[in-house]
Amino acid sequence: MEILTSLADLKKALPTPERRQRPLALVPTMGALHDGHRALVRKALEEGGEVVASVFVNPLQFGPQEDFDRYPRTREEDIRLLEATGASWAFFPDAAELVGDSSGFTISHPVAGLYCGAHRPGHFSGVLFIVSKLFHLTRPDRAYFGKKDRQQLFLIDRMVREFAFPVDVRGVDTIREEDGLAMSSRNRYLDPEERQHAPELYRLLTIARERYAPRNHADRLDLASLLVGDMKERGFRPEYVVFVHPETFLPLSAEDPPETPAILITAAWLGKTRLIDNIDIPAFHG
């Protein structure tokens, strides 16, 4: 595996689209890699791609009171994981090169201001800015993102379609610990007691899926409210619990018939750690 640290290195190392023998797959990450990231690389390899993984803690997607300074940075461990998994290149860009003085430029979408975007103003603009720049710099045929952050995946996919990027965005199922907790670099913030308690979040989502039998939209709202109450009883501080439409990522409304499939999304705090998760709700036929 070749380690790249500058845009010049990247340009020199990556084959142009005309010279590729295999599709080039981009796996963008913020480092502190775990088996969820490993799954992205493996999926790209299984689908015949040659992988370039970027490792960059993007300052543009952190708010002023967020955890940019303490976000885990584990460069040597990341290199070992990527090399062992089969990536061809690991790109560790310099912030001065990748961000430059362009932090005032924004890319947005109405959904970017909802859910996580409502609680983290400017977050998705920062994500989309850097992802779009990585697309331009690497010119990948495919890009792989985890489904744990479904809102991010939706916005990146929509950006690609709106701006006609010649890249195929592929979502990979959330990788979970044995107890159900969605893998995340921020899970290391949890103390031992919180770590033992954290899987309750996903368990509550699965219970909500089992209870999902709406006769009308009011039933959806009641179930979301019940889930909020259950989360609070178990020590979580929920930010939002929403049933969204899989195609628009807007909240389901009274205009959506009861049989409409949904994605149940949530963000909640456990102690000082913010957790996000989601679960697919299939079409209901009562």
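Because the structure is predicted, anything quoted here is derived from the model rather than measured.
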Run through the side-chain heavy atoms of Ile, Leu, Val, Met, Phe, Trp and Tyr, join any pair under 4.5 Å, and report what else lands in [X]'s cluster.
| X | result |
| --- | --- |
| Ile79 | Met1, Ile3, Val27, Leu33, Leu40, Val41, Leu45, Val51, Val55, Leu81, Leu82, Phe92, Tyr144, Val172 |
| Phe68 | Met30, Val57, Phe62, Tyr71, Tyr189 |
| Met183 | Ile175 |

Not counting sequence neighbours, which residues clear side chain to side chain contact (heavy atoms under 4.5 Å, CB included) with Thr74? List them please.
->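 Here the qualifying residues are Ala32, Glu77, Asp78, Arg188.
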
Hey, is the main chain of Ala182 close enough, under 3.5 Å, to the side chain of Asn187 for a donor-acceptor pair?
->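 Pair found, side chain donor or acceptor close to backbone of Ala182.
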
Considering only NZ, NE, NH1 and NH2 on the basic side and carboxylate oxygens on the acidic side, decide whether [X] and [Y] come within less than 4.0 Å.
| X | Y | value |
| --- | --- | --- |
| Lys272 | Asp191 | no |
| Asp67 | Arg70 | no |
| Glu50 | Arg20 | no |

Could you list all the ring pair (Phe, Tyr, Trp, His ring centres under 6.0 Å) pairs where at least one residue sits in residues 21-44, not counting sequence neighbours?
->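 Sorted pair list: His34-His37.
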
Listed pairs under 3.5 Å, donor-acceptor, residues 227-234 side chains, sequence neighbours left out:
unit_1: Asp230; atom_1: OD2; unit_2: Arg211; atom_2: NH1; d: 3.4
unit_1: Arg234; atom_1: NE; unit_2: Glu200; atom_2: OE1; d: 3.1
unit_1: Arg234; atom_1: NH1; unit_2: Asp230; atom_2: O; d: 3.3

Does [X] have any ring-ring contact (aromatic ring centres under 6.0 Å, His included) partners at least two apart in sequence or in another chain, and if so, which?
| X | answer |
| --- | --- |
| Phe91 | none |
| Phe56 | none |
| Phe135 | Phe165 |
| Phe236 | His197 |

Report the relative orientation of the aromatic rings in His109 and Phe154; use parallel for angles under 30°, tilted for 30 to 60°, perpendicular for over 60°.
->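 Answer is perpendicular, since the angle exceeds 60°.
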
Just wondering, do Glu47 and Arg142 contact through their side chains at under 4.5 Å, heavy atoms?
->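 The answer is yes; the side chains approach within 4.5 Å.
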
Under the salt bridge (Lys or Arg N to Asp or Glu O under 4.0 Å) test, which residues partner Arg161, sequence neighbours left out?
->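 Salt bridge (Lys or Arg N to Asp or Glu O under 4.0 Å) check on Arg161 returns Asp157.
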
Could you pull out every donor-acceptor pair under 3.5 Å between side chains of residues 110-126 and any protein atom, sequence neighbours left out?
unit_1: Tyr115; atom_1: OH; unit_2: Phe249; atom_2: O; d: 2.8
unit_1: His119; atom_1: NE2; unit_2: Glu239; atom_2: O; d: 3.4
unit_1: Arg120; atom_1: NE; unit_2: Glu66; atom_2: OE1; d: 3.3
unit_1: Arg120; atom_1: NE; unit_2: Glu66; atom_2: OE2; d: 2.9
unit_1: Arg120; atom_1: NH2; unit_2: Gln61; atom_2: O; d: 3.2
unit_1: Arg120; atom_1: NH2; unit_2: Glu66; atom_2: OE1; d: 2.8
unit_1: His123; atom_1: ND1; unit_2: Gln61; atom_2: O; d: 2.8
unit_1: Ser125; atom_1: OG; unit_2: Ile107; atom_2: N; d: 3.4

